[in-house]
Amino acid sequence: MKVGVARTAVALTGKLLAAGNFSVVYMYTAEIYPTIIRNTAIGSCSMVARIGGIAAPYIALYLPKVMRELPMLILGGSSLVGGLMAFALPETLGSKLPEKMEDVKEMKKNSKPMWSCVKPQTMD
């Protein structure tokens, strides 16, 4: 397989996963923020995502002139850091949507392990 074909395949796979991640972030944002700040939080998350979307082409076009691997290090590294930070978020499977900030604190305190989605338990 030629290097150009492999590079294109990796880039398209990354774009596919980024698009899927975008929709997951919207759903998870709605589940984790309390009702009183939910609209503002979703708007803020969307704004940060749009800033990343605006910056990505510039990173991909101009940074290879500085160092060829720099765009892949920046984009891949930020994705890796974001993925690792997601492990700190509480599991929301089977939880009620929080209404107040105290509900979020309670959700974090009673957080289930991340593998609970393998064998989910419903809340009664």
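All of these numbers come straight from a predicted model, not from anything done at the bench.
Leu97 and Tyr28 end up in different hydrophobic clusters when Ile, Leu, Val, Met, Phe, Trp and Tyr side chains are linked at under 4.5 Å. In terms of hydrophobic clustering, with Ile, Leu, Val, Met, Phe, Trp and Tyr side chains grouped at heavy-atom distances under 4.5 Å, Tyr62 and Ile74 are assigned to different clusters. Follow the hydrophobic side-chain contacts under 4.5 Å out from Val81 and you never reach Leu84; the two are in separate clusters.
Scanning both residues, Val66 and Leu70, for their nearest heavy atoms gives CG1-CD2, 4.4 Å. Shown here for Ile59 and Pro64, the closest heavy-atom pair between the two residues is O-CD, 3.7 Å. Minimum interatomic distance between Gly53 and Pro57 (heavy atoms only, all atoms of both residues): O-CD, 3.2 Å. Taking both residues in full, the closest heavy atoms of Pro71 and Ala60 are given as CB-CA, 4.2 Å, listed atom of the first, atom of the second, then distance. Closest approach of Val104 to Pro34, counting heavy atoms only: CG2-CD, 3.5 Å. Summarising the geometry of Ala41 relative to Tyr33, their closest heavy-atom pair is CB-CD1, 3.2 Å, with the distance given to 0.1 Å.
Residue-environment remark: CE (Met67) exceeds the threshold of 12 foreign heavy atoms within 6.0 Å.
One N or O on the side chain of Ser79 and one on the backbone of Leu75 form a donor-acceptor pair closer than 3.5 Å. Here the side chain of Arg38 pairs a donor or acceptor atom with the backbone of Pro98 at under 3.5 angstrom.
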**OP:** Give the C-alpha distance, both sets of side-chain angles, the deciding distance and a yes or no for side-chain contact (heavy atoms from CB on, under 4.5 Å) between Met101 and Ile37.
**Re:** CA-CA 9 Å; Met101 293 301 282; Ile37 63 165; 4.3 Å; yes

Subject >> Asp103 vs Lys96, side-chain contact (heavy atoms from CB on, under 4.5 Å): CA-CA, chis, key distance, verdict >> reply: CA-CA 9 Å; Asp103 297 342; Lys96 295 179 182 177; over 6 Å; no

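A distance of 12.0 Å separates CD1 in Ile42 from CD1 in Ile32, rounded to the nearest 0.5 Å.
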